[in-house]
Amino acid sequence: MITLTINSKKHQIDVDSNMPLLWAIRDFAELTGTKYGCGTGVCGSCTVLIDGDPIRSCLTPVSEVEGKSILTIEGVENENKVLQEVWEELNVPQCGYCQSGQIISALALLNKNTNPTDKDIDAAMSGNICRCGTYKRIRSAIHKTAELNNAKTEIE
Amino acid sequence: MNPIQKITRRGFIRSVGLASGGLIIACNVPSSTEKSPMKRAFNGKTFEPNLFIQLKDNGDLILIASRSEMGQGIRTALTSVIADEMDADWNLVSVEQAIGHPKYGNQNTDGSRSVRTLYETMRKMGATARAMLITAAANKWNVDQSTLITENHYVIDTTNNKKLFYGDLLHEAAEIAIPENPILKDRKDFKYIGKGLKSIDGAGFASGKPKYGMDIKIPEMKYVAITRCPVTFGTVKSFDKTKTMAINGVVDVIEIPRIAKPFGVLGGVVVIANNTWAAFKGKEALEIVWDNGNNKGYNSDAYAKMITDNVHKKGKEIRNDGNVHKAFKNAAHIVESTYNLPHLVHAPMEVPNATAIIKDGKCEVWAPTQDPQTARKEIADYLEIDEENVIVNITFLGGGFGRKSKPDFMVEAVAVAKAINAPVQVIWTREDDIQHSYYHAVSAQYMKASLDDNGNVTGWLHRVAYPSITSTFAPDTGYAAGFEFGMGLTNIPYQIDNVRCENGKALAHVRIGWFRSVINIIQSFSVNIFVDELAAKAGKDSLQFRLDLIGKDHIVESDSGYHFDNAKLKNVLKTAAKNADYGKKLPEGHGMGIAIHYSFLTYVASIVEVSVIDGKLKIHKISSVIDCGTAVNTDTIKSQMEGAAIFGMSLAYYGKITAKEGAIEQSNYHDYQMLRIHQTPDINVEIISSHEKPTGVGEPGVPPIAPAIINAIYNATGKRYYSLPLSDHGLV
Ligand code: FES
Ligand code: FES
């Protein structure tokens with residue numbers, strides 16, 4: 001038995017300790033927002049946050065993340081709802097499949113850098129493939145979220 | 001036949017039927033399936049004026065999307081047309097995905113034609129409902145309906161400003177006969193059409209909630225991975241499952257045979273497991289001896305050379321106007337070029353997958369399919385049961401690009417579910433997807449043209465050779481088909497007196513299939529580069545040369561009712577030139593390249609600005625202009641064009657699938673690369689809106705991109721490339 005803390009909730013699951021986190025999340029915790037795209041760490045579809053850092057869950061064995069805090073797309077609304085709202089408003093997604101990974105990577109970037117430049121965005125987001133080609137809007141959405149979040153902080 | 005047929009039952013009306021591609025299909029709801037929807041309706045909760053609309057007593061409006069959503073925004077586009085004609089409040093609309101069933105008309109989501117073929121039908125569906133609601137209100141108020149209007153889910157009496165909410169009119173509306181010719185809105189009154197409505201699924205996509213094929217979980221479901229022969233149509237000789245069975249979570253290993261049909265399963269060794277990871281691990285541990293079969297000698301490099309030889313000699317005549325040979329003899333200049341493009345694969349972000357359960361002689365399937373009705377038919381055929389006993393549920397598609405038009409992966413799930421008598425989910429690995437697809441054809445093209453002293457083109461010879469999509473249906477054909485030639489070979493938009501097109505032989509050794517934009521990619525590549533070469537030879541500016549070659553305004557009539565109007569092509573080109581600031585002074589090492597293409601009845605021009613500095617290519621800006629008739633959803637069209645630019649760049653930079661001894665050499669996104677965010681240029685899209693019928697959007701943006709890049713590189717460096725991908729030339 002392994003205990004995983006996903007979006008602040010504990011999941012007791014009975015899997016091999018070397019099972020990649022991706023499949024534990026999808027097949028056992030039944031949170032299907034995290035996606036399989038390549039299984040080899042090159043597409044970013046499976047990105048989740050571990051203690052705030054983005055990782056490729058398809059390459060991370062569950063044994064490595066026991067006791068750590070795992071954030072998946074299903075938990076983003078409690079972290080940065082604005083990000084999701086801007087994503088919707090700018091109509092970023094096409095098929096949507098890569099977007100969980102994109103949003104998680106964007107969240108990780110914005111958590112560390114409240115005002116990212118285009119270069120920062122390139123560095124943080126170039127591990128995430130979008131076959132539909134929504135990159136232009138992803139870039140705009142990150143800038144806009146930063147703007148809105150910063151405006152909010154100023155008021156507070 | 002009236003597209004909307006009336007069926008009355010206990011005062012409630014449900015009609016079915018819609019026009020599709022000019023063909024009108026109408027059928028009664030069979031009595032066996034009549035019960036449940038009708039009972040609900042009888043309870044007075046839901047009014048269904050037709051198959052696409054369900055109005056609830058609280059005003060909630062459920063609209064049915066019959067086409068598959070794969071990122072092209074079809075669920076929003078089609079339903080917004082209904083809602084607009086209905087004068088519905090978009091905030092009260094939700095969309096339900098239809099199952100695969102002929103009652104919805106053609107559901108094949110392919111060929112950039114969903115909006116084109118369903119626009120008028122959806123308008124009528126909405127207008128019918130609106131007309132019935134107006135009559136209902138007139139009856140309720142006992143007034144003449146001529147003074148009644150509708151607005152945002154209300155019927156309003158203009159004489160006294162009294163209002164009735166749509167949700168309060170169900171009982172009355174259900175009594176009304178379906179109007180034969182409901183009045184359609186005037187364009188100027190459109191509220192949603194042409195307004196760039198946001199995707200109805202946007203919030204879902206940003207929350208991870210929508211269910212794609214792989215997200216379906218059904219009780220007792222087994223997870224299944226299959227190893228198929230590396231060589232197309234090879235078969236299993238023997239296998240050893242010992243190591244696989246030792247993996248925790250693996251339940252069994254079986255073999256399924258190939259079904260020799262166009263969309264049949266490839267066959268292979270099947271790992272049945274309790275989770276996806278165990279199925280994938282189990283697959284890796286298999287030891288299989290293959291009989292590689294007839295395609296084991298396929299080497300795509302040698303094949304490319306062979307088809308190149310074929311286009312360097314006379315081929316089968318496809319089009320012949322005037323006399324090119326005479327034109328060549330009298331020429332002041334001759335230009336000749338040969339172009340080579342490799343196989344490509346779709347690689348949608350979501351791999352092929354399907355979930356199936358068979359019970360009591362019935363089968364239910366969930367899958368990301370572009371063509372649910374063909375899937376249903378193939379499944380029924382396989383199980384030898386009636387199609388009515390097969391339910392195909394369409395999930396969200398994590399991209400399609402033509403891959404998911406072929407239901408082979410769905411038949412696999414059914415075959416395994418049957419073999420092990422349990423519900424299954426078959427999941428392809430990315431490697432499976434790259435190595436066992438229906439590939440975009442490898443191609444060779446030869447072009448030759450003559451110019452007179454004034455730089456006018458007098459003769460044009462174009463020879464093509466590529467394994468045809470028809471090879472998937474008739475393997476021994478060896479020649480391409482009319483629909484492929486019509487994608488930019490025989491229908492070039494240029495006015496030239498002597499034109500000859502020929503086709504060289506090319507047999508297929510892998511499965512060949514549709515890929516976003518299809519053969520347009522191949523033929524737009526050569527034609528657009530060649531025209532640039534001719535302009536250079538004539539010593540003329542490429543923009544003006546193209547406009548001159550398109551020639552005086554003229555219209556080519558077509559039986560389809562969609563005419564080719566060359567003025568529109570010139571217009572998109574001029575607009576793109578303006579947006580790109582074509583002709584401006586560029587920095588050292590920069591260049592602009594032009595390409596135009598007419599496909600899926602839509603006119604597109606793209607101008608690309610690049611720089612090549614220290615041998616490395618960078619794309620700075622892409623300016624694309626599209627004329628697709630009535631622009632039903634301007635934001636979706638923009639987003640499709642942005643995506644098309646990236647798709648075109650991906651194939652130009654990296655797209656290359658090769659086969660060695662019959663096996664595909666690439667396996668995943670590391671060696672079949674995609675464009676990424678840091679390579680994304682500024683993409684500017686302009687839509688030329690018109691009042692003409694809507695035409696294709698999803699595909700027409702792709703074909704101009706690669707040739708425009710090549711032409712831009714030439715203008716930046718003076719060096720011309722004749723093949724892709726650019727990674728082979730060390731440019732990226
Ligand atoms: S699935 Fe993990 S990076 Fe692609
Ligand atoms: S939106 Fe389809 S892959 Fe990114």
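Every chain is numbered from 1, with letters handed out A, B, ... down the list of sequences.
Taking every heavy atom of both residues into account, B/Tyr212 and A/Gly96 meet most closely at OH-C, 3.1 Å. Heavy atoms only, all atoms of each residue included: B/Tyr669 and A/Val42 are closest at CB-CG2, 3.7 Å. Closest non-hydrogen pair, A/Asn18 versus B/Trp277, comes out as O-CZ2, 3.9 Å. What you find for B/Lys217 and A/Glu30 is that their closest heavy atoms are CG-OE1, 4.2 Å.
Side-chain polar atoms of A/Gln94 and B/Gln640 form a donor-acceptor pair below 3.5 angstrom. Of the N and O atoms on the side chains of A/Asn91 and B/Ser199, not one donor lies less than 3.5 Å from an acceptor on the other residue.
The shortest side-chain heavy-atom distance between B/Met214 and A/Tyr97 falls under the 4.5 Å cut-off. Side-chain contact between B/Met349 and A/Cys130 is absent, with no heavy-atom pair separated by less than 4.5 Å. Considering only heavy atoms from C-beta on, A/Met19 comes within 4.5 Å of B/Asn275 through its side chain.
With a 6.0 Å radius and a threshold of 12 heavy atoms from other residues, nucleotides or ligands, A/Lys81 has its NZ atom above the threshold. The environment of A/Lys112 atom NZ is dense: over 12 non-hydrogen atoms of other residues, nucleotides or ligands sit within 6.0 angstrom. Surrounding NZ of B/Lys283 are more than 12 heavy atoms belonging to other residues, nucleotides or ligands, all under 6.0 Å away.
Two rings, from B/Phe205 and A/Trp87, have their centers 6.0 Å or more apart.
Residue A/Asp118 does not touch chain B at all, counting heavy-atom pairs closer than 4.5 Å. Of the atoms belonging to B/Lys211, it is side-chain heavy atoms, and not backbone ones, that fall under 4.5 Å from chain A. For chain B, the nearby part of A/Ser45 is the side chain; its heavy atoms alone come within less than 4.5 Å. Neither the backbone nor the side chain of B/Ile216 comes within less than 4.5 Å of any heavy atom in chain A. The contact between B/Ser650 and chain A is made entirely by side chain atoms (from C-beta outward), counting heavy-atom distances below 4.5 Å. Contact annotation for B/Thr636: neither backbone nor side-chain heavy atoms come within less than 4.5 Å of a heavy atom of chain A. The parts of A/Ile129 that come within reach of chain B are both its backbone and its side chain, each placing non-hydrogen atoms under 4.5 angstrom from that chain.
Considering CE of B/Met221 and CG of A/Asp27, their distance stands at 7.0 Å, rounded to 0.5 Å. The CD atom of A/Glu88 sits 4.5 Å away from atom NZ of B/Lys198, with the distance rounded to the nearest 0.5 Å. A distance of 11.0 Å separates OH in A/Tyr36 from CG in B/Asn353, rounded to the nearest 0.5 Å. With rounding to the nearest 0.5 angstrom, the CZ atom of B/Arg430 is 8.0 Å from the SG atom of A/Cys38.
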Exercise for the section: Might you work through the side chain to side chain contact (heavy atoms under 4.5 Å, CB included) test for A/Thr134 and B/Glu642, ending with a clear yes or no? Expected result: CA-CA 7 Å; A/Thr134 62; B/Glu642 289 161 12; over 6 Å; no
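Electrostatic pairing of B/Asp635 and A/Arg137 counts as a salt bridge here, judged by a charged N lying under 4.0 Å from a carboxylate O. A salt bridge is defined here as a Lys NZ or Arg NE, NH1 or NH2 lying under 4.0 Å from an Asp or Glu carboxylate O, and A/Lys35 with B/Glu350 fails to meet this definition.
Each of B/Ala347, B/Pro210, B/Pro348, B/Gly249 has some count of heavy-atom pairs under 4.5 Å with chain A, and the biggest count is that of B/Ala347. Between chain B and the residues A/Cys43, A/Pro20, A/Cys95, the largest count of heavy-atom pairs under 4.5 Å involves A/Cys95. Looking only at heavy-atom pairs under 4.5 Å with chain A, the residue among B/Val351, B/Ile427, B/Thr429 that has the most is B/Thr429. Counting heavy-atom pairs closer than 4.5 Å to chain A, the top residue among B/Ser639, B/Gly202, B/Gly398, B/Ala278 is B/Ser639. Annotation: maximal heavy-atom pairing with chain B below 4.5 Å, among A/Ala123, A/Pro93, A/Ser100, A/Gly41, occurs at A/Pro93.
Distance alone, capped at 3.5 Å, is enough to place a donor-acceptor pair between the A/Arg139 side chain and the B/Ile677 backbone. Formation of a donor-acceptor pair under 3.5 Å by the A/Lys136 side chain with backbone atoms of B/Ile683 is found in this model.
Taking the ring axis of A/Tyr135 as reference, the NZ or CZ atom of B/Arg676 does not stay both within 45° of it and closer than 6.0 Å to the ring centre.
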